[in-house]
Each structure stands twice: as structure tokens, then as C-alpha cells.
Amino acid sequence: MFKKDIQYYKFCGYGFLKNLRFFEAFLVLFFLEKHLSFVQIGTLYAVREILSNIFSIPTGIFADSFGRRRSMVLAFLAYIIAFLIYYFSGHYPMLLAATIVFAFGEAFRQGTHKAMILEYLTENGWTDQKVMYYGHTRSWSQMGSALSSLIGAFIIFYQGEYRNVFLFSVIPYLLDMILIMSYPSSLEGEMRTLDTSRIWTSFSNVAREFAFSFKRKDILQAITNLSMHTGFHKAVKDYLQPVLQGLALATP
């Protein structure tokens, strides 16, 4: 069995703090408070998802060249800047800028921390227990998500404005950034020389594989089934309040 050492609790603490997104359950209501239409809100969500996927290629190369810890620190800096822009902004262009910065942070973060966990398991010879180990750390992430909505509702109830949840979200993300900086340097991974040609090569490979997926019927069917399920869930979960309101009004 793996050992629950200090690094184990650091991994758990990262997941807990990372999911303290007090704004997440109230993001649509925040946008509505800023007098945005549902079309504008939809474009913000689309920009965030599209750019986080596009940015993932150069940010992944950055993590390989300059280290995973630096990549994670940049991710949290981007998150904090985005939160502050959301807090101070009142118009669509500024909210769009905040969304772009947030997508940049998402791209730097996604997959990087999982790679650090796998690196740590490899160092200690625990790779055969990676499912259980990651499940343990993931449970703390779920706990953070559960508390996040409750704390966010408490903040809005006593502060009276939706934008305040972004200001309070800076606190756990700042603590998480400090926590990441305390990770051992051995988790940086294999450092490679930065080569700009790798970025274009990676983009070309992704485009080639994307085109290939439309030529194979079995692959296309699998992608379509997964995309419809996950895409519908991700789109509807943030519009939960207006969806429930529409159902309540339609029931009589």
C-alpha cells in the first residue's frame, strides 16, 4: 500500500483548494446581473472551452521545457488575474478578456498536476496503485466542490453582490499556488529544450488526427456519443437556474 506522507496530503490539499470556485454555481447569475444576454453568456462559455483546448498544446510544451511547477504557478496567476478582472469589470469586452485569461489558466493546469502525481508514484514504486491513489486525492476535490457552493451562497447572502465571490476565490487559489511551489523539484519531469517548431508540429498532428477521426465511422461514432453526453452536461449544468425556472413555469 502507498504511504500517506506529507506529499500525499499536499496533493489532497491542492484538489480541495482548486475546487473552491465560489463563483461556479452562480456564474450565469453574475453575467445576468451584468445585463448580458444568454447569447453573450453562451459565447463566453464557448470561448473558454475552445481556447482552453487550443492553448493546451503550447502550454504543454512550456511545461515540458520549463517545468511543471512553473506551469502550475502561471496557471494560478492567470486564474487570479481573471478573478480580479471579473470583479472590477462591468461590460462584455472586459468579461471576454477575463474569460480568455481564465482559459489560459485552464490550459496550463489541465493534466499537469496528474502528471506530477504519476511522477511521484513512479519515484516510490506505487504505479500499480495509481487508481486508488488518485481516487483518494480526487475525493478531496469533490469535498471542495461540495463546500464551494455553500460558501459561495453564504458570501452572496451576506455581501449582496455576485461579483464578491470572485474576490473571495482569490484566497484559496493564492494558497494553492503557494502549496504548488512547495512541491519537490523532482516532480518537474524531464526538462526538454524549447523548440518553437514543436508547437507547429503538434498542431499539425492534432489536425491530422482530427481529420482522420471523421474518416473512420467507428471512431466518429464513439466521439459523437461522448461529445453529446459530456457537452450537454457541461452546457446545461451552468444554466441550471434558468432551466429550473422554465420547468417551474411550464408545469402548470
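Any value given below was found using the heavy atoms of this structure, including those in side chains, with hydrogens, waters and symmetry copies removed. On a predicted model such as this, the values are computed, not experimentally measured, just so you know.
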Supply the atom-to-atom distance Ile6 CD1 to Ser182 OG, rounded to the nearest 0.5 angstrom.
9.5 Å

Can Ser186 and Glu123 be counted as having a side-chain donor-acceptor contact under 3.5 angstrom?
yes

Output the distance between atom CD (Gln7) and atom SG (Cys12), rounded to the nearest 0.5 Å.
10.0 Å

Can you tell which of Leu187, Leu77, Ile180 makes a side-chain contact (heavy atoms from CB on, under 4.5 Å) with Met72?
Ile180

Would you call His136 and Lys4 a side-chain contact if the rule is heavy atoms closer than 4.5 Å?
yes

Is it true that the side chains of Thr43 and Tyr92 contain a donor and an acceptor less than 3.5 Å apart?
yes

Checking Phe23 against Phe83 for the ring-ring contact (aromatic ring centres under 6.0 Å, His included) test, could you report, in this order, the C-alpha distance in whole Å, the side-chain angles of both residues, the deciding distance, and whether it holds?
CA-CA 9 Å; Phe23 60 89; Phe83 294 160; 5.2 Å; yes

Beyond-backbone contact of Val170 with Leu84, side-chain heavy atoms, under 4.5 angstrom
yes

The reported gap from CG in Leu17 to CD1 in Ile171 (rounded to nearest 0.5 angstrom) is 11.5 Å

Can a donor-acceptor pair be found between the side chains of Arg68 and Tyr183 at a distance below 3.5 Å?
no

Between Gln40 and Phe31, is any pair of side-chain heavy atoms under 4.5 Å apart?
no

Just verifying a value: how many Å separate Leu174 CG and Ile80 CD1, rounded to the nearest 0.5 Å?
5.0 Å

Which label fits Tyr158 and Phe154: parallel for a plane angle under 30°, tilted from 30 to 60°, or perpendicular past 60°?
tilted

Full working for side chain to side chain donor-acceptor pair (under 3.5 Å) between Asn19 and Ser145
CA-CA 5 Å; Asn19 278 23; Ser145 297; 2.7 Å; yes

Quick one: does Leu44's side chain get under 4.5 Å of Ile41's, heavy atoms only?
no

Any side-chain heavy atom of Tyr133 within less than 4.5 Å of one from Tyr8?
yes

Any salt bridge linking Glu33 with Arg163? Criterion: basic side-chain nitrogen under 4.0 Å from a carboxylate oxygen.
no

Classify the ring geometry between Tyr120 and Phe11 as parallel (under 30°), tilted (30 to 60°) or perpendicular (over 60°).
perpendicular

Parallel, tilted or perpendicular: which one describes the rings of Trp140 and Phe16, with boundaries at 30° and 60°?
perpendicular

So, are Lys34 and Glu161 salt-bridged, with charged N and O less than 4.0 Å apart?
no

Going through the checks in order, is the salt bridge (Lys or Arg N to Asp or Glu O under 4.0 Å) test met by Glu119 and Lys130?
CA-CA 10 Å; Glu119 185 75 28; Lys130 59 185 176 181; over 6 Å; no

Same cluster or not: are Val73 and Ile178 linked, directly or through other Ile, Leu, Val, Met, Phe, Trp or Tyr residues, by side-chain heavy atoms under 4.5 angstrom apart?
no

So do Tyr86 and Phe30 actually touch side chain to side chain, heavy atoms under 4.5 Å?
yes

Kindly determine whether Phe168 and Phe22 satisfy ring-ring contact (aromatic ring centres under 6.0 Å, His included), including the steps that lead there.
CA-CA 7 Å; Phe168 281 93; Phe22 305 135; 7.3 Å; no

To the nearest 0.5 angstrom, please state how far the CZ atom of Phe166 sits from the CZ atom of Phe102.
8.5 Å

